[in-house]
Amino acid sequence: MNILRLYLRVIGFLAPERKLAITLTLANLALAGIYFLEPMLFGQVVDALAAPGAAQAPRLIAYWALAGFGGVVASVWVSLHADRLAHRRRLAAIEQFFAHGASLPLSFHGENHTGRLARVMNGGVSNLFGLWLGFFREHLATLLSILVMVPIALYMNWKLALLMVGLMTSFAVFNAIAIRRTHKAQAEVEELHHEISTRASDVFGHVGVVQSFTRLREELAALRAMMARVLSAQYPVLRGWAVLSVLNRAASTLTIVAIFALGASLHAKGEVSVGNIVSFVGFSLMLIGRLEQFAGFISGLFFQTHSLRNFFEVLDTRPAIADAADAVDLGRARGEVEFDDVSFGYAGSDGDTVPAVRHLSFRAAPGSTIALVGPTGAGKTTALSLLYRAYDPQSGAIRIDGKDLRSIGLDSLRRNIGVVFQEPGLFYRSIGDNLRVANPDATQAEIEAAARAAEAHAFISTKADGYDTLVAERGRSLSGGERQRLAIARAMLKDAPILILDEATSALDNGTEARIQKALTGLSRGRTTFVIAHRLSTVRNADLILVLDQGRLVESGRFDELVAKGGLFAELADQGKFAPDAVEEVTPELPLAA
Ligand SMILES: Nc1ncnc2c1ncn2[C@@H]1O[C@H](COP(=O)(O)OP(=O)(O)O)[C@@H](O)[C@H]1O
Ligand SMILES: [Mg+2]
């Protein structure tokens, strides 16, 4: 995207308030006229004062005053409305970025650190904001005043006008060259700033690890090294701009001197009046001021292009997973699930894919329980994430109730699937709000019932603010088991016909797990339930066991069949790879006093 296209896109963001934007443009046109009128009237006043009797002077001074005050009023109006417009559009841009970014698939978020995304959003919108304000308050008027002034100046005196235009053009060319030279270095600087903020937010996010490994000094050293790179990239840019600003000032002095010199010689020949010279000096001063401002704006725009490009890049990322044009609503699914020769791999380092699930086929009857077992890294989590379309398989098809997932609306699909993730995924919000994520309309009674079933109510009640207790970022203020129980309660509240339990009870102690197991059994009744489990009982009661190894389905069947078969599953079971059944602890009764 070249810089002009980029700028047009920035201005294009104002399209939803087109009318106001056009009105502001017209007001700027009026301002440009006034900018030009002032030096012209000033010159005429000088000539009128020099004329015998100075009869015309009072009238011209009155015009001049009128033009001046008119300009003040118009610019106040423009400023106020431009400000308001820019503020509104900035919030709209944040909204758009947020909505789009949050809808992008996991593959995108895997590649973009949250710290970077936040910086891209904040940097992008504040640059948009500055450019909009500049557009209305300055740039437009500058452009228009040049367009108005040049022909009139040519008409007044073409020799002086040509000198002025020539000097201005060389000024503009100078600046353009300087900008081109420094542009690439500035992009590098911006990228380094992104790296710094990504790194910092990553450290903030894992501050516990940093502190326990006493890594602070190393982290700081790494950050300082990045900062040194920023400065060594930034200094040459700043040097270039310092030289340019000195040259600009020299050019403006030169321009005024040249106009005075040519004006004096023309005046001696009687070709121009003193007032004309005054007007031209006024034009030139004004043009130089405007051009300097404009050069500043262009250089600023170059400073910002990288940040704006990053911003638009996110907005332009088309989600790889999106609703088909004729996507259907699944309604409430019966819960028949079919994997038909499904293969999927994550994107590798150099564009190839690393297979995680290979040619997986199975069929799950509505309401049945399917257990996935296999060594860690076998692809169990990945296979089930395909079911709610965190990713799409590279080949094969997945069907729910006979419908290909890709033909179902994403929302409708995901409403039908409750997931207890391996990572509970808690928000920096109250416990209650974390549960309501599953069902915003849930009553307090329903929330409590779900929490009770998930054995979470008791620990929630011991918290200072109960259900209103704030959960720290990523749930750090809760124990692993507490987090899991909240995740289970959340899945219960969702009440979806298909349920995925990804090692949902792995962090729980025996007694708690045994109690939750009952609730989970109750929950899975009437739902198609996928469990990734490590307990023998869960596996034993499953209607279908899928044994995965390195992404492949190596065995499948019921417990007894698989044990009888004497394959990998039997081996795993034999070696005690499954934990024995959890048992509910019996609280020993206190001996009665004799
Ligand atoms: N987001 C990801 N990006 C790249 N590779 C991944 C990602 N998630 C998992 N993998 C890889 O895919 C394979 C299967 O992982 P996973 O499905 O989590 O296994 P399991 O749940 O059976 O332990 C592993 O080799 C893992 O490293
Ligand atoms: Mg897993």
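In each ligand, atom 1 is the first atom listed, and ligand 1 is the first ligand listed.
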### Message
Does any part of the side chain of Ile398, heavy atoms only, come nearer than 4.5 Å to the side chain of Glu338, both counted from C-beta?
### Response
no

### Query
Backbone N or O of Glu448 within a donor-acceptor pair of the His457 side chain at under 3.5 Å?
no

## Note on the structure
Sequence neighbours excluded, the answer for side-chain hydrogen bond (donor to acceptor under 3.5 Å, both in side chains) partners of Arg552 is none

### Query
Does a donor on one side chain and an acceptor on the other come within less than 3.5 Å for Ser361 and Asp341?
no

### Query
Among side-chain atoms of Tyr346 and Thr382, is any donor-acceptor pair under 3.5 angstrom?
yes

### Message
Closer than 2.8 Å to the Mg ion (ligand 2), what protein N/O/S atoms do you find?
### Response
Thr381 OG1, Gln422 OE1

Between the protein and ligand 1, are there any N or O atom pairs that come within less than 3.5 Å of each other, and if so, what are their names and distances?
residue	atom	partner	partner atom	Å
ligand 1	8 (N)	Tyr346	OH	3.2
ligand 1	17 (O)	Thr382	N	2.8
ligand 1	17 (O)	Thr382	OG1	2.4
ligand 1	19 (O)	Gly379	N	3.3
ligand 1	21 (O)	Thr381	N	2.9
ligand 1	21 (O)	Thr381	OG1	2.7
ligand 1	22 (O)	Ala378	N	3.2
ligand 1	22 (O)	Gly379	N	2.9
ligand 1	22 (O)	Lys380	N	2.8
ligand 1	22 (O)	Lys380	NZ	2.9
ligand 1	23 (O)	Gly377	N	2.7

### Task
Flag the pair Arg527 / Pro497 as yes when at least one side-chain heavy-atom distance between them is below 4.5 Å, and no otherwise.
no

### Query
salt bridge (charged side-chain N to carboxylate O under 4.0 Å, His left out) between Glu219 and Arg199: does it pass, once the steps are laid out?
CA-CA 9 Å; Glu219 291 298 330; Arg199 180 110 185 173; 3.2 Å; yes

### Query
side-chain hydrogen bond (donor to acceptor under 3.5 Å, both in side chains) with Ser412: which residues, sequence neighbours excluded?
Asp329

### Task
Using a strict 4.0 Å threshold on nitrogen-to-oxygen distance, state whether Asp401 and Lys403 make a salt bridge.
no

